[in-house]
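Data first, discussion second: the structure below is written as C-alpha cells.
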Amino acid sequence: MELTTVWFVLIAVLWTGYFVLEGFDFGVGVLLPVLGKDDTDRRIMINSIGPVWDGNEVWLLVAGGATFAAFPEWYATLFSGFYLPLLLILLALIVRGVAFEFRAKHDSDRWRRGWDRAIFWGSLVPAFLWGVAFGNIVAGVPIDERHVFTGNLLTLLNPYALLGGLVTLGLFLLHGAVFLSLKTGGDVRARARALALRMSPVVVVVAAAFLLITQLAHGKPLAWVTTALAAGALLAGVVAAARGREGWAFTGTAVTIVLATATLFFDLWPDVMPSSTSPLYSLTVTNAASSPYTLTVMTWVAAIFTPVVLGYQAWTYWVFRKRLTRTPIAR
Amino acid sequence: MNVLDLSRWQFGITTVYHFIFVPLTIGLAILVASMQTAWHRGGNETYLRMTKFFGKLFLINFAMGVVTGIVQEFQFGMNWSDYSRFVGDVFGAPLAMEGLLAFFLESTFLGLWIFGWNRLSPRLHLATIWLAAIGTTLSAYFILAANSWMQHPVGYRINPETNRAELTDIWAVLTNSTTLVTFPHVLFGAFITAAGFLIGVSAWHLARGREVPLFRKAMRIGLAVSLASGIGVAATGDIQGRIMTEQQPMKMAAAEALYKTSSPASFSLFTLGTPDGTEELWSLRVPYVLSFMATGDPNGTVEGIDDLQKEYVAKYGPGDYRPSVPVTYWTFRLMIGFGALASLLALVGLWLTRKGRTPGSRWFYRAALAAMALPFLANAAGWIFTEMGRQPWTVYGVLRTAASVSPGVDVTTVALSLTAFTVVYAVLAVITAMLMARHVKAGPPDLTADKEPADPSVPALTY
C-alpha cells in the first residue's frame, strides 16, 4: 500500500475515533438539561464522562496534527476555507472544556446553571457543525487552482451539508443517551433509555436519508456495503436498547458511527477535498501529501505509539467501568 | 489594519494568553507530583494536604491551558494557510508527534489522577500524576522543536518543483541546537513560574498566620526551586544569546539597539531611540560587556543593525529586514529584569526563612504576593522578544511573514475572530482569577471529611 493511502486511512481512523468517543460526550452534554432534572442528576451525567472527555478530545487534536504533517495542503485549505464554522467550534470547545472543570469548584446555583448552559451549547454547536463540515468535504466546495477556498459562509450552509449536521447531532444524541443508560443507574438511566427509544426513529430516518443521498450523488459502489452495514448496526442498536441490552445498544451506535464515517471517507478517496469549481483543482491524496520521507517517519511514529495510546485509553475505560448512581453523593 | 496585521495580532494575543497557563501547568505538574511522592514515601499528611490544595489550583489552571491550546493547533491552518502549505512537510511532524506522544498522555492520565483517588492503588495513582507531568513536559519539547525550526531551519530542503520546504532529516530537527537550549530555558522558566506561585500563595496564608507549618514548607520548596531555576534560566539564556548571535544576528543586534558594527561592543543599559526605532538618540553603555556576552571574547566583533540590513539586502533582495527595535530591545530587558527580580526575592526569602524561621514582617509577604506576576511577565516578554525579533520572517531566512498569511480569508472574518477570542479570553481570565483566588483563600482541605464515605467500589462524583 502506498504511504499516502496509509495516511488517508489513518486520518480517517482518527476522525472516526474522535466521532465515536467525543460523540457520546457531546450527546451527554446536549442532554444535560433534558435528562438532568436536578443538580444531582446533572452531576451524575457529567461525572459519567468526567475521566474521559479530555482524552476523547485529543483525538481531534491528533487528527488536526496528523493532517498538517501528512497532507499540509488539505490542512491549509480545509481550516482556512472553513474558517467561521471552525471558529464557532473552537469557541464552543473552549467554554465546554472550562465548564467541566470549573462547574463543581464553586458552590452556587447561579454558577452551576451558567456552566450547564456552556456545556449544552458547547456540545450542541460542534456536534452539529462537524456534520456540516464533512457534508461539505464530501460534496466538494469551490476551490481555485492555488487550492484556495473561494466560497463564503453561505456556500457551506447548503441543504445537503445542513442535513449532515443533523445526522451527526442526531447520532451523537442517540449515542450519548445509550451511553448514559449504560453508565448510570436510577432515574437518569431510565429516562436516558426512554429518550433513546423515542428519538431513534427520527435518527434512523435522517441518517438513512443522508447516507442515501451521499451514495446516489457522490457514492462509490463499494461504499454501499458500509452504508448497508451502518443501517443494520443502527437498527440492531435500537432493538438492543428496546430489549434493555445496554452494552449491545452502545456497541450498535458506536459501530454505526464508525461505518457512517467510513462511508464518507470511502466516497472521498482518492480526493481529500474535491473542488466544485473544476476537478482539476481538487486536492487529492497525491497532490496534498507530504514528501515520502516525512510520511515514512510519521508512519514509524504512528506504528509504535498508537498501540500504546489505545492500550492506556482502553485501560481508563476499564478503571471507570462501574455505573454512577445517586448513593455516594455526600458533597 | 489588513489581514496580515490582524492575523498577527490574533496569533500574538492567543499565544501569549495560552502561555500564561502553560508554564504554570508544566511547573506545577512536577511540583504537585513531587508533593504526592513525599506523602507517599513518608506518610506525612501535610504533604497530602499540600498535594490536594495545590492540585486543585493546578487543575483550574490546566483546564485553561488545554482549551486555549486547541486554538493553537488549528490557527496555523486558519490564518496562516500559505505558511502551512510551505512548511507542513517539516513543521507538521513535531506537531503530530506532540499530539500522539504528549497530549494523549497528559489528558488520559490526568483524568485518571482526578478521578482515581479512591479507585487506584496509591502507587498507581502516584504514577498517573507523574505520567501526566511527563506528558506536559514532552509537549513543551515538541512544540519548541517546531518553533526552533522557524528560528533556525535545519534538516530540510526546498523542493524546486513545488517550492515548498521538505523534511530531509527528522533527527536534525529534533536535535536542533536551538531546541536543545530553548527547551531547558523554557522549562526553567516554567519552574520559576510555578515556584513563584507557591511562594505567593504561601505568603498570603503565612501573613495571616494560617496553616503555618504547611505553608512554610511550601514556601521553602518554592524559594529553593525559584532560585535554582533562576540560575538555570540565566545559564541557558546566556548560551541562547550566543547561539542567536550566530543564527539570527539581526535579532540580537536589535535586542541591544546596536546600530553600528562594533569591536569591542558595549552593553546598552538604556537606549533612547527615535520612535520608529531606526536611529539611536542617546544611550548609557558599559564597555566590552556585549562583546563578551555575544562572543565570549571582550574584544569580539558584534554586527550592527545597519550593516546587517545591507548584508541581507544583498543576500535576500530589496526589503526591510529590521525587526521593531523598541519592541525587541525592551522585551529583552523586561524578560531579564523580571526574571532577575524573581530570583532576588527567592534569595531574600531563603535568608528570611533560614533554620526554621518564619518571616515576621509584612513587607516580605506583600512583595512575595506581588512577585507572583513577575515570572508570567518575564515569560510573555521572552516570547514577544523571540518572535518579534525574528521578523520580517516566519521561517528565518526562508519564508516571510507577509507571504505566510491565508490568501482566502478577508479582513472582516479575521476582525471577527480576533474580537471573539479576545472577548472570550478576557471573560475567562476574570472568572479563572476569581476562582483561583477563592480556592487560595479557602486553604488546604480537611482530610477527616474525605475519609468517611470512601467505599472504593462505588465511583465518587468528583465534578
Side-chain angles (χ1 to χ4, degrees), chain A residues 43-44 46-47 50-52 54-55 58 61-62 64-66 68-69 72-73 75-81 83-84 86-87 90-91 93-95 97-98 100-106 146 148-150 290-291 293-294 297-298 301-302 305-306 309 312-313 316 319-320 322 324 327-330, chain B residues 56 59-60 63-64 66-68 70-71 73-74 76-79 81-82 84-85 88-89 92-93 95-101 103-104 107-108 110-112 114-116 119-120 159 166-168 170 406-409 413 417 420 424 428 431 435 438-439 453 455 457-463:
Chain A
R43 285 190 70 200
I44 289 172
I46 293 168
N47 277 273
V52 295
D54 190 14
V58 174
L61 296 182
V62 178
F68 199 173
E73 292 280 337
Y75 174 83
T77 304
L78 175 62
F79 294 124
S80 62
Y83 193 102
L84 286 174
L86 188 66
L87 172 68
L90 291 176
L91 293 171
L93 294 181
I94 288 171
V95 294
V98 171
F100 286 133
E101 196 54 55
F102 285 11
R103 186 186 185 276
K105 295 220 162 32
H106 173 52
R146 295 171 305 154
V148 175
F149 174 75
T150 53
S290 281
S291 63
Y293 176 76
T294 299
V297 168
M298 294 312 299
V301 172
F305 290 100
T306 312
V309 171
Y312 62 65
Q313 279 213 336
T316 307
V319 169
F320 300 108
K322 289 245 163 68
L324 288 164
T327 31
I329 286 179
Chain B
K56 210 166 203 178
L59 290 177
I60 295 171
M64 287 298 289
V66 166
V67 297
T68 54
I70 308 173
V71 177
E73 187 84 21
F74 294 98
F76 299 110
M78 291 168 78
N79 296 84
S81 63
D82 272 359
S84 304
R85 286 177 214 284
D89 196 299
L95 243 66
M97 291 182 193
E98 183 189 23
L100 190 62
L101 273 71
F103 289 161
F104 271 129
S107 61
T108 308
L110 204 63
L112 279 157
I114 300 171
F115 287 83
R119 300 191 54 75
L120 299 172
N159 182 331
E166 281 180 5
L167 189 63
T168 55
I170 183 70
S406 293
V409 178
T413 307
S417 63
V424 170
L428 286 179
I431 295 173
L435 194 62
R438 200 174 273 141
H439 278 276
D455 173 2
S457 70
V458 192
L461 294 188
T462 309
Y463 278 159

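In this text the structure is predicted, and so the values were computed from the model without any measurement. Chain naming here is simple, since letters A, B, ... match the order of the sequence lines and numbering starts at 1 in each.
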Which answer fits A:L93, side chain, backbone, both or neither, if we ask what part of it has an atom under 4.5 Å from a heavy atom of chain B?
both

Measure A:V319 against the heavy atoms of chain B and call it side chain, backbone, both or neither at under 4.5 Å.
both

Going by the rule side-chain contact (heavy atoms from CB on, under 4.5 Å), which residues pair with A:K105 if we only count those two or more places apart in sequence or in a different chain?
A:E101, B:K56, B:I60, B:L435, B:H439

Any idea which of B:G99, B:A420, B:S107 has the most non-hydrogen atom pairs under 4.5 angstrom with chain A?
B:S107

Most chain A-contacting option - heavy-atom pairs closer than 4.5 Å, from B:R85, B:E166, B:M97, B:E98
B:R85

Interface residue of largest heavy-atom contact number with chain B, from A:G97, A:G81, A:A302, A:A69, under 4.5 Å
A:A69

Between A:S291 and chain B, which part of the residue has a heavy atom less than 4.5 Å away: side chain, backbone, both or neither?
both

Looking only at side chains, do A:Y83 and B:N79 share a donor and an acceptor under 3.5 Å apart?
yes

Could you look at A:Y293 and say if it's the side chain, the backbone, both or neither that has a heavy atom under 4.5 Å from chain B?
side chain

Could you give the distance from CG (A:L91) to CD1 (B:I70), rounded to the nearest 0.5 Å?
10.5 Å

Segment of B:S406 engaging chain A (4.5 angstrom heavy-atom cut-off):
side chain

Could you go through the side-chain contact (heavy atoms from CB on, under 4.5 Å) check for A:R146 and B:D82 one step at a time?
CA-CA 10 Å; A:R146 295 171 305 154; B:D82 272 359; 6.0 Å; no

Which bit of A:V98 is near chain B, if near means a heavy-atom gap under 4.5 Å: side chain, backbone, both or neither?
both

Cut-off 4.5 Å, heavy atoms of chain A, and the answer for B:L120 is side chain

Please classify the contact of B:I114 with chain A as side chain, backbone, both or neither, using a heavy-atom distance under 4.5 Å.
side chain

Against chain A, label B:V71 side chain, backbone, both or neither, depending on which of its atoms sit under 4.5 Å from a heavy atom there.
both

Candidate pair B:S84 and A:F68, rule side-chain contact (heavy atoms from CB on, under 4.5 Å), full reasoning
CA-CA 7 Å; B:S84 304; A:F68 199 173; 3.7 Å; yes

For A:L87, is it the side chain, the backbone, both or neither that has a heavy atom under 4.5 Å from a heavy atom of chain B?
both

Supply the atom-to-atom distance A:I46 CD1 to B:Y463 OH, rounded to the nearest 0.5 angstrom.
10.0 Å

If you apply the rule side-chain contact (heavy atoms from CB on, under 4.5 Å), what do you find for B:L112 with A:F320, and how did you get there?
CA-CA 9 Å; B:L112 279 157; A:F320 300 108; 3.5 Å; yes

Against chain A, work out which of B:A63, B:A96, B:G111 has the most heavy-atom pairs shorter than 4.5 Å and name it.
B:A96

Given side chains that start at C-beta, do those of A:V309 and B:T108 come closer than 4.5 Å, heavy atoms only?
no

With rounding to the nearest 0.5 angstrom, report the CE to CG distance, A:M298 to B:L100.
7.5 Å

Part of B:R438 lying under 4.5 Å from any heavy atom of chain A:
side chain

Highest number of heavy-atom pairs under 4.5 Å with chain B: which of A:V52, A:V148, A:I94, A:V95?
A:I94

Best-contacting candidate, A:F100, A:F305, A:F149, A:Y312, against chain B by heavy atom pairs under 4.5 angstrom
A:Y312

Of B:V66, B:T413, B:V424, B:L95, the largest count of non-hydrogen pairs under 4.5 angstrom with chain A goes to B:T413

